[in-house]
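One structure is given here, and the rest of the page talks about it.
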Amino acid sequence: MSQSIYRSKGNVVRSLFGRTKAVIGVIHSLPLPGSPHYEGDPMDRIYAYAEAEARRYRDGGVDGLIVENHGDIPFAKPDELGPETASAMAVMSHRVAEASKLPIGINVLANGAVQALAVAKAAGAAFVRVNQWANAYVANEGFMEGKAGQASRYRAWLRAKDIAIFSDVHVKHGAHAITADRTLTELTRDSEFFDADAVIVTGQRTGDSARLDQLETVQNATKLPVLVGSGVTAENVASIFDFADAVIVASSLKHDGGWWNEVDPARIAHFMDVVRQARA
C-alpha cells in the first residue's frame, strides 16, 4: 500500500456500518417528477415503493442502503437537474431511513454531488455517492466534470462535514480516454487527495462486475476503504471481499436480476448466506 497523500482518516465503512465486509443495498426509485418516464403517479405510491424495498433489504440482513433516482433514466447532467428531483428524493430518503433504521446514502444521477448533499442533509443520510469526484470523463450524458471543489464547499456551508463522500474511480457507463495518461493508481490517489472518504470500483456498466486485478490495484493505491459498486453476485462476493471493505449490490438481488424489478427475498437470503460464510 502506498503512502497516503492526504491526512489519515478512520475507516468510514467500519464507523458507519459497524463492520467491514459490509453489504449496502440500492433502492432504485420509481420515476420521479420531471423525469422522462414519470406519468403522474401519486408521490405516496413512489415513497411507499421505496419504503417496501427498504424493508425487504433490512429483513434480508444488509448493513446499509443507498437511495438512487435510477428510474429517472435517461439521466440529466447536474446543471440540468431541477429542484423537484432533490425535493422528492429528500422526502423519499427520510422515509426510507425511518422504515429501515439503517445507515443510508444518497446518489443523485447523474453526478449530482451538490444535490445529493442537500438531500442527505435534509433526510439525515450518512453519506453520498459521487460518480465523478475528481478529474473528468465522457459519460453517457456527455462531458462530466468532477465536482469535488464545489461540493466540498457546499458541504462546509451546510455544516454537513459528517456526511461522508464515497467516490467512484474509473466509473462505469463512460469513456476515460481524457485521463488515459493517468493510471488507475493515480486516479485513485486523486480521489483521496481531493478528500474523499472511500473509493468505489465498478465494471463497465450496471450489473457488470469489477475486475479483481483492478480492484487489487485500487486497494494498493490508497489507505481509504474500497468498495465494489457493480456486478456483485452470490458467485463472486467472496472473492471480492478479499480486496474490498464493502459491496454495493442491487441487480443480482432483484427478481430475474433486473434493476427495474423489486428485491427478491429468496435471492437476498441466498446472497447473505454466502456473505456470512465469507465473513467467517
Side-chain angles (χ1 to χ4, degrees), residues 1 4 6-27 50-51 53-68 93-107 116-117 119-130 155 160-168 191-192 195-202 210 215 218-219 222-230 232-234 236-250 252-253 263 265 267-280:
M1 183 179 293
S4 176
Y6 195 79
R7 64 176 66 95
S8 296
K9 296 184 175 186
N11 187 314
V12 70
V13 169
R14 185 179 294 279
S15 63
L16 288 182
F17 308 110
R19 68 179 330 128
T20 54
K21 297 185 179 178
V23 175
I24 304 168
V26 183
I27 295 174
E51 290 173 302
E53 289 285 271
R55 287 189 287 268
R56 293 183 190 102
Y57 276 122
R58 177 203 63 196
D59 295 347
V62 305
D63 303 291
L65 297 169
I66 293 178
V67 181
E68 182 176 282
S93 300
H94 177 70
R95 289 177 60 159
V96 163
E98 290 295 302
S100 68
K101 305 302 182 184
L102 294 172
I104 68 165
I106 309 297
N107 188 17
L117 286 165
V119 172
K121 180 68 173 180
F127 65 99
V128 298
R129 179 179 183 177
V130 182
R155 181 175 64 164
K161 289 187 178 181
D162 56 322
I163 299 173
I165 304 295
F166 286 26
S167 163
D168 282 81
S191 282
E192 182 175 3
D195 202 17
D197 298 293
V199 294
I200 302 171
V201 185
T202 67
L215 182 54
V218 170
Q219 183 197 47
T222 182
K223 291 185 178 179
L224 297 177
V226 177
L227 298 85
V228 169
S230 72
V232 180
T233 68
N236 65 18
V237 66
S239 58
I240 286 171
F241 275 145
D242 288 338
F243 304 99
D245 296 86
V247 295
I248 299 169
V249 58
S252 69
L253 305 183
V263 170
R267 281 181 175 245
I268 196 170
H270 173 58
F271 181 85
M272 292 306 299
D273 281 344
V274 175
V275 167
R276 281 186 281 271
Q277 294 176 36
R279 288 169 177 168

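What's counted below: heavy atoms across the whole structure, side chains too, no hydrogens, waters or symmetry copies.
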Is any side-chain heavy atom of [X] closer than 4.5 Å to a side-chain heavy atom of [Y]?
| X | Y | answer |
| --- | --- | --- |
| L215 | V226 | yes |
| V26 | I248 | yes |
| V23 | Y57 | no |
| F127 | V12 | no |
| R56 | I268 | no |
| V67 | V119 | no |
| N107 | F166 | no |
| R155 | V128 | no |

Provide the closest heavy-atom pair for [X] versus [Y] in the form atom of the first, atom of the second, distance.
| X | Y | answer |
| --- | --- | --- |
| K121 | A160 | CD-CB, 4.0 Å |
| V232 | V249 | O-CG2, 3.5 Å |
| F241 | K21 | CE2-CA, 3.3 Å |
| P103 | D63 | CD-O, 3.4 Å |
| I163 | A125 | CG1-O, 3.9 Å |
| A99 | R55 | CB-NH1, 3.9 Å |

In Å, rounded to the nearest 0.5 Å, how long is the span from [atom1] of [X] to [atom2] of [Y]?
| X | Y | atom1 | atom2 | answer |
| --- | --- | --- | --- | --- |
| H270 | L253 | NE2 | CG | 10.5 Å |
| R129 | E68 | CZ | CD | 6.5 Å |
| D197 | I165 | CG | CD1 | 6.5 Å |
| R279 | R276 | CZ | CZ | 7.5 Å |
| K9 | L224 | NZ | CG | 6.5 Å |
| T202 | L227 | OG1 | CG | 12.0 Å |

Worksheet entry | Pairwise salt bridge (charged side-chain N to carboxylate O under 4.0 Å, His left out) hits with a residue in residues 239-250, at least two apart |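 Residue pairs with at least one partner in residues 239-250: there are none.
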Practice prompt. Would you check if the side chain of E192 reaches a backbone N or O of T222 as a donor-acceptor pair within less than 3.5 Å?
Written response: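 It does not hold such a pair.
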Item to complete: Please name all residues satisfying side-chain contact (heavy atoms from CB on, under 4.5 Å) with A126, sequence neighbours left out, ordered by chain then number.
Response: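 Only L16 meet the side-chain contact (heavy atoms from CB on, under 4.5 Å) criterion with A126.
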Practice prompt. Kindly indicate, with the supporting measurements, whether the criterion side chain to side chain contact (heavy atoms under 4.5 Å, CB included) is fulfilled by V247 and V275.
Written response: CA-CA 10 Å; V247 295; V275 167; 5.9 Å; no
